Amino acid sequence: MSRPPTTPSAPQTADLVRPARRGDLDGLLALARAADAGMTNLPADRAALDDRLAASEQALIDPETRNAGAAVYLVLERQGRVIGAACVFARIGVAQPFYSYRVTRLTQLSPDLGKRVEMSVLTLVNDLTDQAEVGGLFVAPDARKGQAGRLMARSRYLFMARHRDWFGEQVIADLRGVQDADGRSPVWDALGAHFYAMDFAAADRACALSGTRFISDLGPKYPIYVGLLPPAAQAALGKPHQDGVGAERLLREEGFVSDGYVDIFDGGPTLRARIDDLKAIREARRAPLAGLTDTPTDDALVCAGAGAAFRVVRGGLSAGDDGVRAEASLINALGLAPGQEITHVRF
Ligand SMILES: CC(C)(COP(=O)(O)OP(=O)(O)OC[C@H]1O[C@@H](n2cnc3c(N)ncnc32)[C@H](O)[C@@H]1OP(=O)(O)O)[C@@H](O)C(=O)NCCC(=O)NCCSC(=O)CCC(=O)O
């Protein structure tokens, strides 16, 4: 989607997306505390978050760490404040099994009675093992609805494009499911509560802090007929939390689709895409920086560097025969030098 070019003389410092560092702990903790339960990848627990930041730094330099299921966290920095977060897992389900419910349709016919009955059935599976995952997309409430979410979300795909060999073929995103006004999940109350003997927040914490083993220990051993669940739980299956509607929109815009998997705790939709088919990755181009322009023609996301030095900034670009020309604020924010190779995509 094309958006109006930013003015070359925009006075404020550009928003910058970069990999998180241990020093971002306080900023990320403040974001995590602003989120309700269910943001599994942004635990509001100092020690757990610090462990994730340490693992993220390690994942940037060590293939074993990222292949063992550590996420790389990216943060969005605005004038020194962390206002957004998101993460990318190169592989899920390796160190800890990754469970989903697969939703299948079952049709039964009785020729004797002339009846045909269709039912949906939930089966606990770990079909999505080994795929990449994007998650933990969060923007501070006071910074929402100004494209920060789109900037964060798309920066992750540029990160994947820039480190393409870290990832396999497919990527998933698990959206938070529906909660009522009291923060209760109708799907959890109808299903998980019976199996795991704890409340939703405790199960969510257990996943974030102790891993997923308890799901196979205690989870359902037989398929579950959706028609037997209370109407509120049936209605919530496969629907996102109201705060995640924007996240779902961003995922679908990029090419993610739902194909029959839902989250085992809150029934939120799991969306999937082929990495090479994601819009940002399909349309991303690499080019050398040819120089400066005062009259950019494209509003673009531009990234440079790799690993801990990976950076993304939104700004104005013009394509030329000898490479791309960028506006001054973008060159300054990314610390670019002439001839340096950048990856860019229309915002
Ligand atoms: C989802 C985000 C990050 C979106 O942030 P922003 O509002 O800054 O996004 P944006 O770029 O300004 O907007 C992106 C598009 O979504 C639309 N949009 C934004 N919020 C909306 C809402 N509540 N209802 C309906 N539409 C909404 C905007 O109009 C815009 O579309 P147009 O430009 O076309 O008008 C935020 O709302 C948030 O932090 N929510 C709470 C946390 C959350 O639930 N995160 C998802 C968890 S699930 C997860 O993390 C996995 C998925 C993932 O990681 O991608």
Side-chain angles (χ1 to χ4, degrees), residues 1-4 6 15 17 20 27-28 30-44 52 56 71-78 81-90 92 98 100 128 131-160 170-179 183 185 204 207-208 236 238-258 261-273 275 278-281 299 301 312 314 346-347:
M1 194 179 302
S2 150
R3 297 183 192 281
T6 47
D15 290 352
V17 177
L28 277 172
L31 287 187
R33 287 186 174 140
D36 311 319
M39 286 292 295
T40 316
N41 291 319
L42 205 57
R52 284 176 179 245
S56 173
V72 171
Y73 280 78
L74 298 177
V75 293
L76 172 56
E77 192 183 304
R78 176 175 293 169
R81 174 184 166 216
V82 171
I83 60 155
C87 64
V88 189
F89 296 82
I92 55 169
F98 183 90
S100 321
L128 305 178
Q131 306 198 355
E133 180 181 0
V134 290
L137 181 67
F138 191 86
V139 168
D142 62 326
R144 287 184 195 162
K145 301 227 164 142
Q147 310 275 2
R150 185 174 273 115
L151 169 64
M152 249 352 272
R154 302 202 84 205
S155 295
R156 302 181 295 197
Y157 310 127
L158 290 181
F159 183 86
M160 294 170 96
Q170 301 258 356
V171 57
I172 70 151
D174 227 356
L175 284 155
R176 277 196 299 169
V178 171
Q179 291 174 14
S185 154
D204 192 50
C207 261
K239 302 263 167 38
H241 186 284
Q242 65 180 58
D243 288 355
V245 173
E248 182 179 24
R249 185 179 185 136
L250 291 169
L251 291 163
R252 292 192 183 276
E253 180 177 302
E254 216 62 42
F256 280 82
V257 293
S258 24
Y261 293 91
V262 297
D263 182 85
I264 58 160
F265 284 173
D266 60 16
T270 300
L271 305 187
R272 287 217 281 172
I275 293 176
L278 290 172
K279 188 167 182 278
I281 293 188
D299 178 14
L301 284 189
V312 186
R314 178 182 173 189
R346 193 181 279 255
F347 189 62

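All ligand and atom numbering here is 1-based and tracks the order in the structure. This structure is a prediction, so every number in the text was calculated from the model and none was measured.
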Contact atoms of ligand 1, heavy-atom distance to [X] under 4.0 Å:
X      : value
Gly146 : 12 (O)
Gln147 : 10 (P), 11 (O), 12 (O)
Leu251 : 52 (C), 55 (O)
Gly244 : 44 (O)
Arg150 : 11 (O), 31 (O), 32 (P), 33 (O), 34 (O)

Electrostatic pair Lys279-Glu253, nearest N-O below 4.0 angstrom
no
Quick one: does ligand 1 sit under 4.0 Å from the side chain of [X], the backbone, both or neither, non-hydrogen atoms only?
X      : result
Leu151 : neither
Arg249 : side chain
Asp174 : backbone

Looking only at distance, does Ala173 have an N or O less than 3.5 Å from an N or O of ligand 1?
no
Polar contacts were defined as any N/O atom of the residue lying under 3.5 Å from an N/O atom of the ligand; does this apply to Val139 and ligand 1?
yes
Would you check if there is a donor-acceptor pair between the side chains of Thr40 and Arg176 at a distance under 3.5 Å?
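There is no such pair between these side chains.
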Strictly distance-based, threshold 3.5 Å: is any side-chain N or O of Gln131 a donor or acceptor partner for the main-chain N or O of Ile92?
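Here the side-chain-to-backbone pair does not exist.
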Taking every non-hydrogen atom, the tightest pair across [X] and [Y]:
X      : Y      : result
Asp266 : Leu175 : OD1-O, 4.3 Å
Arg252 : Ser258 : NH2-OG, 3.0 Å
Gly255 : Ala273 : O-CB, 4.0 Å

Just checking, Arg144 and Phe138: is the charged tip under 6.0 Å from the six-membered ring centre and within 45° of the axis?
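Cation-pi check for Arg144 and Phe138: passes.
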Close approach, [X] and ligand 1, non-hydrogen under 4.0 angstrom:
X      : value
Gly135 : yes
Ala153 : no
Arg156 : yes
Met39  : yes
His241 : no
Ala35  : no

Options [options], ranked by nearest heavy atom to [atom], top entry:
atom                    : options                        : value
atom 43 (C) of ligand 1 : Lys145, Glu133, Arg176, Arg154 : Arg176
atom 1 (C) of ligand 1  : Ala247, Pro269, Gly136         : Ala247
atom 25 (C) of ligand 1 : Val245, Leu31, Val134          : Val245

Gln179 and Gln242: side chain to side chain contact (heavy atoms under 4.5 Å, CB included), yes or no, with the steps?
CA-CA 8 Å; Gln179 291 174 14; Gln242 65 180 58; over 6 Å; no
Below 4.5 Å, heavy atoms only, C-beta onward: do [X] and [Y] meet side chain to side chain?
X      : Y      : value
Leu76  : Val82  : no
Val171 : Leu278 : yes
Leu74  : Met152 : yes
Asn41  : Tyr73  : yes

